[in-house]
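Scroll down for the structure; my scribbles are underneath it.
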Amino acid sequence: MQILVTGASGLVGAEAIARLLKAGHTIVALVHSVGNIVTNDGTLLPSRPYTGGRGNPGELLTVKGDLQQDGLGLDAELYRQLQSSVDRVLHSAALTSFGRPEERYEAINVAGTQRMIDFAMKKPGACIPFIYISTMYVCGERPGIFSETAFDRGQSFGSPYEASKFRAESLIRKAQDNGLPTVIVRPAIIVGDSVDGTMRKFDTIYAVYRITTAGLVRTIPGDYGATLDIVPIDWVADGVVAALENFSQAQGRTLHLCSDQPLALREINDVCALFPSFSVPRFVPGHVFHSYGMKGLEKRYYDEVISLYESYFRRQTVFVRDSTRDIFAKAPPAQGKELLHKVFSYAVKVGYFRRTTHEI
């Protein structure tokens, strides 16, 4: 197949591309800026510019475009050729960093997704099968079981990012009702490789634990009944490829890429305690936590980082992936405390986690 991939330089996009190339598929990567596409372990994926038509099996082609522009920022003829030559769309591009203005999430995650839907639905003669990378956290903050079929439960959201992904998924579902063949893939919190924790992009829980294990913020609001669901990047990429290659079976479904062993906050602290250099954070109930009692750097780090992610430490949502196993039966090679220990060990090894507060 010839597959159009957005978000090709991102973590999930690059890993999926590497696997698809190895399987002999042709990849056209829509990139926002010209640059190298590298996998999680730093391997460069050789490429050449896309000039139209179909490429060779196992070849990576790149084309500069922009999800925030009509026509994806492409020349009209190139847009037409791309639209008529691809067999699948993998829409992985998104603004995932927290703390950005809401209009940025709207422009990229929502309006950008609509432009990709328009691209896929206007192919002459037929729609282009479409795989959308959502997030497990469209569940919002409503507790309870969140199944593959669950979506709008009147939930509130912990961040503008989550809200934007919910709105984008709404667009996908509307397009599905209008005839677009789709698969929605919802990963949980993506962390390093299952073998040794290798990770080229540190964010989400990495940012929180970089600060807390260094002792810069010692107390954060959280509920010890809450859990974090972390999954290794290699397994997530395998799941995305399974959705692509088994599209006819997966069509119309939402696939959950979540762990069988979600981590309770106490278990996370247990792993922290295994590292002598770590300061172990203390969780207190949100209704008794007051950040105004913090001073100096602690207040600054809480306001600028911890507060962005604190909703993750109070959620009591149970994710299931029952029907997903029909498409992707493989369990994560490492899960729970075993995976978290590998993740933290790698972050220490490369110097991302440092005990000396001056270096943070």
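Index from 1, following the sequence. Values below: every heavy atom of this structure, side chains too, minus hydrogens, waters and symmetry copies.
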Original post:
Given Phe313 and Val208, is the side chain to side chain contact (heavy atoms under 4.5 Å, CB included) satisfied, shown in steps?
Top reply: CA-CA 11 Å; Phe313 299 103; Val208 171; 3.8 Å; yes
Would you name the heavy atoms of [X] and [Y] that are closest together and state the gap between them?
X      : Y      : value
Ser85  : Gln2   : OG-NE2, 3.2 Å
Leu339 : Ser194 : CD1-CA, 4.3 Å
Ile205 : Ile230 : CD1-CG2, 4.0 Å
Leu308 : Phe98  : O-CD2, 3.4 Å
Ser323 : Arg253 : O-NH1, 3.2 Å
Cys272 : Pro281 : SG-CD, 4.4 Å

Original post:
Who passes ring pair (Phe, Tyr, Trp, His ring centres under 6.0 Å) against Phe166, sequence neighbours left out?
Top reply: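 For Phe166 the ring pair (Phe, Tyr, Trp, His ring centres under 6.0 Å) partners, ignoring immediate neighbours, are Phe151, Phe157.
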**OP:** Please list all pairs passing the salt bridge (Lys or Arg N to Asp or Glu O under 4.0 Å) test where one or both residues lie in residues 3-21, with sequence neighbours left out.
**Re:**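 Checked against salt bridge (Lys or Arg N to Asp or Glu O under 4.0 Å) - neighbours excluded - the pairs reaching residues 3-21 are Glu15-Arg19, Arg19-Asp238.
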Using modelled atom types and a 3.5 Å cut-off, is there a donor and acceptor pairing between side-chain atoms of [X] and backbone atoms of [Y]?
X      : Y      : value
Gln155 : Arg153 : yes
Glu310 : Pro221 : no
Asp193 : Val195 : yes
Glu141 : Arg314 : no
Asn109 : Leu95  : yes
Asp152 : Gly154 : yes
Thr6   : Ser92  : yes
His91  : Tyr132 : no
Arg321 : His256 : no
Thr26  : Asn56  : yes

I'd like to know if [Y] and [X] are part of one continuous hydrophobic network [Ile/Leu/Val/Met/Phe/Trp/Tyr, side-chain heavy atoms within less than 4.5 Å].
X      : Y      : value
Val191 : Val236 : yes
Ile189 : Val12  : yes
Tyr105 : Leu171 : no
Ile128 : Val183 : no
Tyr301 : Tyr209 : yes

Subject >> Full working for salt bridge (Lys or Arg N to Asp or Glu O under 4.0 Å) between Asp260 and Arg325 >> reply: CA-CA 12 Å; Asp260 298 318; Arg325 289 183 173 87; 2.9 Å; yes
Check: [Y] and [X] side chains under 4.5 Å, non-hydrogen atoms:
X     : Y      : result
Leu61 : Arg48  : yes
Thr96 : Leu11  : no
Leu67 : Met116 : yes
Val86 : Phe119 : yes

Roughly how far, to the nearest 0.5 Å, is the [atom2] atom of [Y] from the [atom1] atom of [X]?
X      : Y      : atom1 : atom2 : value
Ile27  : Ser47  : CD1   : OG    : 12.0 Å
Leu228 : Leu265 : CG    : CG    : 6.0 Å
Ile211 : Ile220 : CD1   : CD1   : 10.0 Å
Leu82  : Thr51  : CG    : OG1   : 11.5 Å
Cys139 : Arg142 : SG    : CZ    : 11.5 Å
Arg88  : Met1   : CZ    : CE    : 5.0 Å

Subject >> Worked check of side chain to side chain contact (heavy atoms under 4.5 Å, CB included) between Thr213 and Phe275 >> reply: CA-CA 9 Å; Thr213 59; Phe275 294 83; over 6 Å; no
If the threshold is 4.0 Å, N to carboxylate O, is there a salt bridge linking [X] and [Y]?
X      : Y      : result
Lys342 : Glu338 : yes
Arg54  : Asp87  : yes
Glu162 : Lys165 : no
Lys330 : Asp234 : no

Subject >> Lys NZ or Arg CZ of Arg210 over Tyr206 ring: under 6.0 Å, within 45° >> reply: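 Arg210 over Tyr206 ring: no.
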Original post:
Pick one: which of Phe319, Phe146, Tyr161 meets ring-ring contact (aromatic ring centres under 6.0 Å, His included) with Tyr137?
Top reply: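 Considering Phe319, Phe146, Tyr161, a ring-ring contact (aromatic ring centres under 6.0 Å, His included) with Tyr137 is found only for Phe319.
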Original post:
So Arg167 and Glu102, salt bridge (Lys or Arg N to Asp or Glu O under 4.0 Å) or not? Walk me through it.
Top reply: CA-CA 13 Å; Arg167 291 195 296 275; Glu102 289 191 27; 5.8 Å; no
Original post:
Val240 and Leu255: side chain to side chain contact (heavy atoms under 4.5 Å, CB included), yes or no, with the steps?
Top reply: CA-CA 9 Å; Val240 171; Leu255 307 185; over 6 Å; no
Subject >> Within the 6.0 Å centroid threshold, strictly below: Phe353 and Phe278 >> reply: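 Yes, the ring of Phe353 comes within the 6.0 Å limit of the ring of Phe278, centre to centre.
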**OP:** Give the intermediate values and the outcome of side-chain hydrogen bond (donor to acceptor under 3.5 Å, both in side chains) for residues Thr324 and Glu148.
**Re:** CA-CA 8 Å; Thr324 299; Glu148 291 114 320; 2.9 Å; yes
Original post:
Apart from Val280 itself, which Ile, Leu, Val, Met, Phe, Trp or Tyr residues share its cluster (side-chain heavy atoms under 4.5 Å, direct or through members)?
Top reply: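 Reading the cluster by chain and number, Val280 sits alone, since nothing else belongs.
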Original post:
Just by distance, with hydrogens left out, do Tyr50 and Gln81 show a side-chain donor and acceptor under 3.5 Å apart?
Top reply: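 No, no side-chain donor-acceptor contact under 3.5 Å.
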Original post:
Between Val217 and Glu298, is a side chain to side chain contact (heavy atoms under 4.5 Å, CB included) present by the stated rule, with each step listed?
Top reply: CA-CA 5 Å; Val217 175; Glu298 185 175 28; 4.0 Å; yes
Subject >> Leu44 CG: over 12 foreign heavy atoms closer than 6.0 Å >> reply: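 Check passes, neighbour count above 12.
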Subject >> CZ (Arg282) with more than 12 external heavy atoms under 6.0 Å >> reply: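 At most 12 heavy atoms, drawn from other residues, nucleotides or ligands, come within 6.0 Å of this atom.
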